[in-house]
Asks: 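Below is the structure I would like to discuss, written out as structure tokens.
Residue numbers begin at 1 in each chain, while the letters A, B, ... track the order of the sequences.
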There are 2 protein chains.
Amino acid sequence: MGDTGSKRTRQDRRPGGNDVARLAGVSQKTVSRVFNGESNVSADTRDRVLAAAQTLGYRPNGAARALLTGRTHRLGVVALGTSHFGPSSLLVALERAARTINYALSIANSFEDDPSGLAEAVDNLLAQGVDAVILSEPVDDGDEPLVVDVPVLTLGAAPVVHAPTVLSVRAAEGGDAAAEVTRHLLELGHRTVHHIAGPQRWWAARERLQNWQDTLIAAGAEVPQAVEGDWTAARGYAAGKALARDPGVTAIFAANDEMAIGVIHALHEAGRSVPGDVSVVGFDDIPVAAHVWPPLTTVSSDNAELATVGLTYLVDFLNNPDSPPAPPPKHVHNLVVRASTSRPPTAGEEAHRA
Amino acid sequence: MGDTGSKRTRQDRRPGGNDVARLAGVSQKTVSRVFNGESNVSADTRDRVLAAAQTLGYRPNGAARALLTGRTHRLGVVALGTSHFGPSSLLVALERAARTINYALSIANSFEDDPSGLAEAVDNLLAQGVDAVILSEPVDDGDEPLVVDVPVLTLGAAPVVHAPTVLSVRAAEGGDAAAEVTRHLLELGHRTVHHIAGPQRWWAARERLQNWQDTLIAAGAEVPQAVEGDWTAARGYAAGKALARDPGVTAIFAANDEMAIGVIHALHEAGRSVPGDVSVVGFDDIPVAAHVWPPLTTVSSDNAELATVGLTYLVDFLNNPDSPPAPPPKHVHNLVVRASTSRPPTAGEEAHRA
DNA sequence: CCTCACGATGTCTACGTAGTCACAATGTCT
DNA sequence: AGACATTGTGACTACGTAGACATCGTGAGG
């Protein structure tokens, strides 16, 4: 990289703890104490130091601190480079949670179009020097297991990772959302529920598929072949076209809202009414979900809760590797019933359409 | 913060340049040379160093490097904590662009609900030690101008910022998208175009409003009162309810897709057909835009281009503060015409509806 | 063959911070 | 009043890296 950057001169260099110390008439060590909130500093000294720092525009140098302590106070998040609402609102929640506990966040995206993307993203984070890595939307890379030399936190299901420690935060048992969606549709009277799954390298997508299937089996319903989508409305639309041709389909559960909207688009085009002929449910409760036609029944997630619980868990561990075994984090999902679901058409109605 | 972290012992410390040097039988300085790609290193030595580094799992310590050079190779992005598609896909693009030029990205969100959010976010970035700050979606804070002690890059219009340098990247003149949208609707035969603006603290929203207005005036069309929204579908829906009552409204330009979708929702509920009675245009081309009913005419943006041009500009400046005056960056917007726009209803059709 | 330039490598050092320990001043307890 | 704890402070140092400069060997030019 064609850097011209040469060594800084005495003049343009930012003020350091020594400059503040000189101005306040104390030692550099005392300045350090003040800025770390240590207790044994007299109120008078503290005030003088803070005043001097204010005057000089002093900021503690994070690099020096990191060099000395070996801790960067930075967490790395591996994201997937998608702008889908679910993942990106989770990132926002993570940043917010990190800031409140005084940690910085680095995000590295693993792009779908790059085969070695995951490992590369992790490497990038490790090169930056992070205290831990968070897999915000765990996926399988297909290839070798991920190797990380700092603790790892996974939100949701955990893929295979080689790391000194792997922590995991996931929804409490029983409160499973995909199962709830499936049950909701069955209770409305649908014989079975079709599923448009997310890409199966995503653990979240796998879980939804699994829970959907388990619920159908538990209810003694037939388990139709699921279709694998890629989270996009376009793929949902394609899948919807196929499903629209099958008059036996009366209920569809899409693994996210975008695919659900694509499905509805296809159903409309095929002249099938939603929810008159077919009920559709999405997942994520994206902002437009309430305003598409018909307003979409979906599942909203409390990402703030997930982020807070996850980060607290992780940072507690970093500060004290052996005390709390595992706080019971609960990730709240809520079924939001809107207008895209209803009872299945009666035999008469079906005949009328056919 | 209840840190237990004590000083690392010789054992658990990560390998450093000295360890690699010892193993490779060279000096630490030579290791440094190898990892910085300096030229005066023999191929043989380089290989031995790389092999030793590989064996030990050595990674250059960014904190030490930053401490010495005064450059962190990290850029700070101030985002707005929204999960809207436009902003978040821009962030993804920025991260990707930054990575290709070997920079790390820190994101700090400024939350709408926090009054001093902007300044706080910037402060957070400065405390982390960034080489520059990027305002990805410039807004006005209302309060005092922002004070930053590193160079600043703004994408789009530039608010008032006190910084050593303020660079700005914006769409090339003439290629304005909001004007194009307005012209598109006028050319279809609409007498005028109503506008649902974004929050006016966002410079992007102001620009769209301004360009819409200028275009109407240039065309000699009446300029209706614009409604100010907040980017959400809910607010678009509310605004749409009011507009639906006015039979004179035949064309609506919403400042983003979500509001457009809300508007369409309201129009549908009021029994007004889109685009039969009213044409609607959005902005951003969010993924579901092609799949809502009717598929939405909107404007897509090349965020990757914007991010690449902006970062290149910024980093060139950081490396050499006085060479290139200003590369001419062009930000490509594209009008995507779908099914939500058409000619206005004829007098007869209007009468029929009324 | 001597000088000089240049390539390859090493030595020494500073960057700004916080751990460790020392130590003075001021209590506090018997 | 003497021993001793407590509080506030400073001196010294290491962290891992890259800049400045020194040194050594080798080949080219006179």
Asks: Can we say D19(A) and R14(A) salt-bridge, meaning some charged N sits less than 4.0 Å from an Asp/Glu carboxylate O?
Replies: no

Asks: By nearest atom, which of the nucleotides dT9(D), dC15(D), dT9(C) is closest to the T45(B) side chain?
Replies: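 Of dT9(D), dC15(D), dT9(C), dT9(C) is nearest to the side chain of T45(B).
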
Asks: Using whole Å, what does the distance between atom P of nucleotide dG8(D) and atom CD of Q28(A) come to?
Replies: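 That distance rounds to 19 Å.
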
Asks: Remember a base hit wins even if backbone is also touched, and classify V31(A) as base, sugar-phosphate or nothing at under 4.0 Å, heavy atoms.
Replies: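 Here V31(A) touches no strand at all.
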
Asks: dG16(C), OP1 or OP2 - any side-chain N/O from N18(A) closer than 4.0 Å?
Replies: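 For N18(A), the contact criterion (side-chain N or O under 4.0 Å from OP1 or OP2 of dG16(C)) is not met.
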
Asks: Does R65(B) or R33(B) map to a spot on DNA chain D nearer the 5' end, using the closest nucleotide for each?
Replies: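 Comparing both residues, the 5'-ward one is R65(B).
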
Asks: When you check the phosphate oxygens OP1 and OP2 of dT9(C), does a side-chain N or O of S42(B) lie under 4.0 Å from one of them?
Replies: yes

Asks: Would you say N61(B) places a side-chain N or O within less than 4.0 Å of OP1 or OP2 belonging to dC15(D)?
Replies: no

Asks: Could you measure the distance from the CD atom of E95(A) to the CG atom of L311(A)? Nearest 0.5 Å is fine.
Replies: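 Taking CD in E95(A) and CG in L311(A), the distance rounds to 10.5 Å.
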
Asks: Tell me: CG of L68(B) to P of dA14(D), nearest whole Å?
Replies: 18 Å

Asks: Could you state the atom-to-atom distance from CG of D47(B) to C1' of dT9(C) in whole Å?
Replies: 16 Å

Asks: If we ignore angles and hydrogens, is there a donor and acceptor under 3.5 Å between the side chains of Q28(A) and N18(A)?
Replies: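 Per modelled atom types, Q28(A) and N18(A) side chains form no pair under 3.5 Å.
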
Asks: Whole-Å distance between dG10(D) P and E38(A) CD?
Replies: 13 Å

Asks: At less than 4.0 Å, is any side-chain N or O atom of T30(A) found next to OP1 or OP2 of dG10(D)? Yes or no.
Replies: yes

Asks: Could you tell me whether Y58(A) contacts a base, only the sugar-phosphate backbone, or nothing, with contacts defined as non-hydrogen atoms closer than 4.0 Å?
Replies: sugar-phosphate

Asks: Taking only the side-chain heavy atoms of N36(B) (C-beta and beyond), determine which of dA18(D), dT7(D), dA8(C) contains the nearest atom.
Replies: dA18(D)

Asks: Which one, dT17(D), dG8(D), dT9(C), comes nearest to the side chain of V41(B)?
Replies: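 For V41(B), the side-chain atoms sit closest to dT9(C).
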
Asks: Write down the distance between CG (L67(B)) and C1' (dC15(D)), rounded to a whole number of angstrom.
Replies: 9 Å

Asks: Write down the distance between NZ (K29(B)) and P (dA18(D)), rounded to a whole number of angstrom.
Replies: 7 Å

Asks: Measure CZ/R48(A) against C1'/dG10(D) and give the value in whole Å, please.
Replies: 13 Å

Asks: Given dT11(C), dT7(D), dA11(D), identify the nucleotide with an atom nearest to the side chain of S27(B).
Replies: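 Given the options dT11(C), dT7(D), dA11(D), the side chain of S27(B) is closest to dT11(C).
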
Asks: Tell me: CG of N40(A) to C1' of dG10(D), nearest whole Å?
Replies: 14 Å

Asks: Measuring from the side chain of S32(A) (C-beta onward, heavy atoms only), which nucleotide among dT17(C), dA18(C), dT9(C) has the closest atom?
Replies: dA18(C)

Asks: Would you mind checking if R201(A) and D140(A) are paired as a salt bridge, meaning a charged N to carboxylate O distance below 4.0 Å?
Replies: no

Asks: As a quick check of understanding, evaluate side-chain contact (heavy atoms from CB on, under 4.5 Å) for L135(A) and V161(A), giving each step before the final call.
Replies: CA-CA 10 Å; L135(A) 301 178; V161(A) 180; 4.0 Å; yes

